[in-house]
Amino acid sequence: VPGAGLRDMAALTDGVRTLFLQSDAPGFQLFTGEALGSAGFIPRAGLALEPQSPPDAVNHPVDGIDTVLHPDEDWHMTIQYILHGPGLPR
């Protein structure tokens, strides 16, 4: 997701409620459960939005960001899920 700092990454709506995802991660993965049918789950019955670096970022850094955490280094990431809709606090 282009940009830096905390920014909008995704918005999901059912026409009444909207879930906003904000993060300072370089991107996010969308999992739909497509391959879970063989495990007894209904494919596409849910989803997961996971802010993170791309899966192969250790070999192909995004925007020059090193995803390897070295000894004595700290790492942090901010994720916000914001739900808007009738009857929900603002």
Margin query: Hydrophobic clustering (ILVMFWY, side-chain heavy atoms < 4.5 Å, transitive) - are Val16 and Leu19 grouped together?
Written below: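 In one cluster: no.
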Notebook entry, point to check: Would a hydrophobic clustering, with Ile, Leu, Val, Met, Phe, Trp and Tyr connected at side-chain separations under 4.5 Å, put Leu6 with Leu21?
Noted result: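 No; tracing contacts between hydrophobic side chains, which count when under 4.5 Å, never links both residues.
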Margin query: Ignoring hydrogens, what is the shortest heavy-atom contact between Ala25 and Arg7? Give both atom names and the distance.
Written below: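 Taking every non-hydrogen atom into account, O-NH2, 2.6 Å.
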Item checked: Residue pair Pro55 / Gln29: nearest heavy atoms and the distance that separates them ->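 Answer, listing the atom of Pro55 first, then Gln29: CD-NE2, 3.2 Å.
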Notebook entry, point to check: Who passes side-chain contact (heavy atoms from CB on, under 4.5 Å) against Ala45, sequence neighbours left out?
Noted result: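 Counting only residues at least two positions away or on another chain, Ala45 forms a side-chain contact (heavy atoms from CB on, under 4.5 Å) with Ile42.
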Checklist line | Residues which pass side-chain hydrogen bond (donor to acceptor under 3.5 Å, both in side chains) with Thr18, listed by chain and number, not counting sequence neighbours | finding: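 By the side-chain hydrogen bond (donor to acceptor under 3.5 Å, both in side chains) rule, Thr18 matches Thr13.
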Next item on the list: Sorted by first residue and then second, give each salt bridge (charged side-chain N to carboxylate O under 4.0 Å, His left out) pair with at least one member in residues 15-33; sequence neighbours left out.
Entry: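 Sorted pair list: Asp14-Arg17.
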Checklist line | Val58: hydrophobic cluster co-members (side-chain, 4.5 Å) | finding: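 Hydrophobic cluster check, Val58: joined to Val68.
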Notebook entry, point to check: According to the ring-ring contact (aromatic ring centres under 6.0 Å, His included) rule, which pairs have a member within residues 4-48, sequence neighbours left out?
Noted result: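 Those involving residues 4-48 are Phe20-His84.
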Using distance only, find each side-chain donor-acceptor pair of residues 71-83 under 3.5 Å and give its atom names and separation, not counting sequence neighbours.
residue : atom : partner : partner atom : Å
Glu73   : OE1  : His70   : N            : 2.9
Tyr81   : OH   : Leu49   : O            : 2.9

